[in-house]
Q: 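Let me give you the structure first, and then I'll get to my questions.
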Amino acid sequence: PTTVTRLLAVWQDEYKTWRKRPLTDKTYTYIWADGVHFNVRLEDDRLACLVIIGVRPDGVKEVIALEDGYRESTESWATLLRDLKQRGLQAPKLAVADGALGFWAALRQVYPETEEQRCWVHKIANVLDKLPKRLQPRAKSHLHEIMRAPDKATALAEMARFQEEYQAKYPKAVDCLLKDQETLFTFMDYPATHWIHLRTTNAIESSFATVKARTRTSNG
């Protein structure tokens, strides 16, 4: 116990220094944002871990921010982004995140010049949730075809086909897909070799997968 207490104090001091580091010499072309929940014993009012990961022009990914907050709260994200800007973070070209986050309204306040890309993994999950289970495998395959289309014209044609097939019986699923249409294909305006990284927030999911696995194992 004394070792754990000592190490915790060291790590907290390191974190305090890290979260106040200057960012004037940093440039991030793309950023990914998400609110990560962990299955740990906390208060009833569960905070998320607000995470922003960025990629430098040389392709190296770095964690830019890691703060407690509320995933859907614009104010939580705005506080985080304002702090990053005050420390010198320049506006990235593109941000990738789930459409449900308060992040987007905050981004428009703090970095209005940054373009928006909705995460396809979250979008597909939300669309499938509005379809019966027996139709989900076929619909998922079709949604992957839209996401992986070679160009925007093909993607829009596939989206129209999806709408035609499901609109009559499952309008909520179609509406869920179409409402973010403009920001689902922003990634196609960037180099094709980057598309696989820009379609989803997997940069964050993969980074925290081992943490989640460990908290599940230890129940705490």
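What's counted below: heavy atoms across the whole structure, side chains too, no hydrogens, waters or symmetry copies.
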Q: Using links of under 4.5 Å between side-chain heavy atoms of ILVMFWY residues, direct or through other members, which residues join Ile196 in one cluster?
A: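 Taking Ile, Leu, Val, Met, Phe, Trp and Tyr as members, Ile196 stands alone, with no cluster partners.
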Q: Find the distance between CG (Leu107) and CD (Glu113) and round it off to the nearest 0.5 Å.
A: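 The distance works out to 8.5 Å.
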Q: At their closest point, which heavy atom of Glu72 faces which heavy atom of Ala100, and how far apart are they?
A: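 Smallest interatomic distance, heavy atoms only, reads CG-O, 3.7 Å.
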Q: Taking all atoms of both residues into account, what is the closest heavy-atom pair of Pro92 and Thr114, and its distance?
A: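 For Pro92 and Thr114, the tightest heavy-atom pair comes out as O-OG1, 2.8 Å.
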Q: Out of curiosity, does Ile31 fall in the hydrophobic cluster containing Val36 (side-chain heavy atoms, cut-off under 4.5 Å, transitive links)?
A: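 Val36 does not cluster with Ile31.
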Q: Are Tyr28 and Val96 in one and the same hydrophobic cluster, where Ile, Leu, Val, Met, Phe, Trp and Tyr link if side-chain heavy atoms are under 4.5 Å apart?
A: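 No, separate clusters.
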Q: Taking Lys93 first and then Glu115, would you say they form a salt bridge - that is, a charged N and a carboxylate O separated by under 4.0 Å?
A: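 No salt bridge links Lys93 with Glu115.
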Q: Pair Leu131, Lys172 - check side-chain contact (heavy atoms from CB on, under 4.5 Å), show working.
A: CA-CA 9 Å; Leu131 291 169; Lys172 288 183 179 179; over 6 Å; no
Q: Using the side-chain contact (heavy atoms from CB on, under 4.5 Å) rule, take Gln117 and Thr183 through it: C-alpha gap first, then chi angles, then the decisive distance, then the call.
A: CA-CA 5 Å; Gln117 169 64 43; Thr183 50; over 6 Å; no
Q: Nearest 0.5 angstrom please: His144 NE2 to Arg199 CZ, how far?
A: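 If we round to the nearest 0.5 Å, His144:NE2 and Arg199:CZ are 9.0 Å apart.
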Q: Is it true that the NZ or CZ of Arg118 lies under 6.0 Å from the centre of Trp104's six-membered ring and within 45 degrees of the ring axis?
A: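 Cation-pi check for Arg118 and Trp104: passes.
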Q: Just wondering, do Ile52 and Asp34 contact through their side chains at under 4.5 Å, heavy atoms?
A: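 Counting from C-beta outward, Asp34 and Ile52 never come under 4.5 Å.
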Q: Give the C-alpha distance, both sets of side-chain angles, the deciding distance and a yes or no for salt bridge (Lys or Arg N to Asp or Glu O under 4.0 Å) between Lys123 and Asp98.
A: CA-CA 7 Å; Lys123 176 58 68 177; Asp98 174 18; over 6 Å; no
Q: Closest heavy-atom contact between Ala33 and Ala97?
A: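 Heavy-atom minimum between the residues: O-CB, 3.4 Å.
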Q: So does Glu164 pair up with Arg161, basic N to acidic O under 4.0 Å?
A: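 Salt bridge flag = no for Arg161 with Glu164.
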Q: Are the side chain of Lys85 and the backbone N or O of Val110 linked by a donor-acceptor pair below 3.5 Å?
A: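 Pair found, side chain donor or acceptor close to backbone of Val110.
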Q: Once the angle between the rings of Phe185 and Trp120 is folded into 0 to 90°, is it parallel (under 30°), tilted (30 to 60°) or perpendicular (over 60°)?
A: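 Ring orientation of Phe185 relative to Trp120: tilted.
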Q: Quick check on the hydrophobic clustering: are Leu101 and Val51 connected, directly or via other members, by side-chain heavy-atom contacts under 4.5 Å?
A: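 Leu101 and Val51: separate clusters.
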Q: When you look at CZ of Arg138, are more than 12 heavy atoms from neighbouring residues, nucleotides or ligands closer to it than 6.0 Å?
A: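 Open: at most 12 neighbouring heavy atoms sit under 6.0 Å from CZ of Arg138.
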Q: Any chance you could measure Cys119, atom SG, to Ile124, atom CD1, to the nearest 0.5 Å?
A: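 Between Cys119 SG and Ile124 CD1, I get 8.5 Å after rounding to 0.5 Å.
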Q: So Thr200 and His122, side-chain contact (heavy atoms from CB on, under 4.5 Å) or not? Walk me through it.
A: CA-CA 8 Å; Thr200 74; His122 287 92; over 6 Å; no
Q: Thr186 and Asp189: side-chain donor and acceptor closer than 3.5 Å?
A: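 No, no side-chain donor-acceptor pair sits under 3.5 Å.
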Q: Set out, in order, the CA-CA distance, both residues' side-chain angles and the distance that settles salt bridge (Lys or Arg N to Asp or Glu O under 4.0 Å) for Glu14 and Arg19, then state yes or no.
A: CA-CA 9 Å; Glu14 289 178 350; Arg19 68 190 292 267; over 6 Å; no
Q: Do Leu50 and Ser76 come within less than 4.5 Å of each other through their side chains, counting heavy atoms only?
A: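 Leu50 vs Ser76: side chains touch.
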Q: Report yes or no: does Arg21 contribute a side-chain atom to a donor-acceptor pair with the main-chain N or O of Trp18 at less than 3.5 Å?
A: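 Between the backbone of Trp18 and the side chain of Arg21 there is a qualifying donor-acceptor contact (under 3.5 Å).
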Q: Ignoring hydrogens and angles, state whether a donor on the side chain of Thr79 or Glu75 is under 3.5 Å from an acceptor on the partner side chain.
A: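 Distance-only check passes for Thr79 and Glu75.
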Q: Does the side chain of Asp151 reach to within under 4.5 Å of the side chain of Thr154, using non-hydrogen atoms?
A: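 A side-chain contact under 4.5 Å exists here.
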Q: Using the ring of each side chain (for Trp, its six-membered ring), is Trp32 parallel, tilted or perpendicular to Tyr30, with breaks at 30° and 60°?
A: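 Trp32 vs Tyr30 ring planes: perpendicular.
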Q: Quick one: are Glu62 and Lys26 in side-chain contact, heavy atoms under 4.5 Å?
A: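 Of all side-chain heavy-atom pairs linking Lys26 with Glu62, at least one is under 4.5 Å.
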Q: Could you grab the distance from atom NE2 of His197 to atom CG of Leu94, nearest 0.5 Å is fine?
A: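 Rounded to the nearest 0.5 Å, the NE2-CG separation comes out at 13.0 Å.
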Q: Looking at Lys130 and Asp175, is any side-chain nitrogen of the basic one under 4.0 Å from a carboxylate oxygen of the acidic one?
A: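 No salt bridge links Asp175 with Lys130.
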Q: Can you give me the closest heavy-atom contact between Arg56 and Thr29, atom names plus distance?
A: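 Answer, listing the atom of Arg56 first, then Thr29: C-OG1, 4.3 Å.
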Q: Please identify each residue that fulfils side-chain contact (heavy atoms from CB on, under 4.5 Å) with Gln90, with sequence neighbours left out.
A: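 With neighbours one apart ignored, the set is Thr27.
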Q: So does Asp13 get a backbone contact from the side chain of Thr17, meaning a donor-acceptor N/O pair under 3.5 Å?
A: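 Yes, the answer is positive, given that a donor and an acceptor are paired below the 3.5 Å cut-off.
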Q: Do Leu81 and Phe103 touch side chain to side chain, with heavy atoms closer than 4.5 Å?
A: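 Of all side-chain heavy-atom pairs linking Phe103 with Leu81, at least one is under 4.5 Å.
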Q: Using modelled atom types only, decide if a donor and an acceptor are shared between the side chain of Glu158 and the backbone of His142 within a distance under 3.5 Å.
A: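 Looks like no, no N/O pair under 3.5 Å.
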Q: Check whether more than 12 heavy atoms from other residues, nucleotides or ligands sit under 6.0 Å from atom NZ of Lys152, and answer yes or no.
A: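 Result for NZ/Lys152: enclosed.
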Q: Grouping I, L, V, M, F, W and Y whenever their side-chain heavy atoms are under 4.5 Å apart, do Leu143 and Trp195 come out in a common cluster?
A: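 Same cluster: Leu143 reaches Trp195 through Ile, Leu, Val, Met, Phe, Trp or Tyr contacts under 4.5 Å.
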Q: Any side-chain to backbone donor/acceptor pair from Asn202 onto Glu205? Under 3.5 Å, distance only.
A: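 Answer holds: no.
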Q: If you round to the nearest 0.5 Å, how far is CD1 of Ile146 from CG of Leu177?
A: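 One gets 5.5 Å once the value is rounded to the nearest 0.5 Å.
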Q: Please report the shortest heavy-atom distance between Ala106 and Ala78, naming the atom on each side.
A: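 Smallest interatomic distance, heavy atoms only, reads CB-N, 3.4 Å.
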Q: When rounded to the nearest 0.5 angstrom, what is the spacing between CZ in Arg82 and CH2 in Trp77?
A: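 Reported to 0.5 Å precision, the distance equals 14.0 Å.
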Q: If hydrophobic clusters are built by linking Ile, Leu, Val, Met, Phe, Trp and Tyr wherever their side-chain heavy atoms come under 4.5 Å apart, do Ile53 and Leu23 end up in the same one?
A: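 No, Ile53 and Leu23 fall in different hydrophobic clusters.
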Q: Check Cys176 against Lys179 and note the closest heavy-atom contact, atom names and distance.
A: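 Reported closest heavy-atom pair: O-CG, 3.6 Å.
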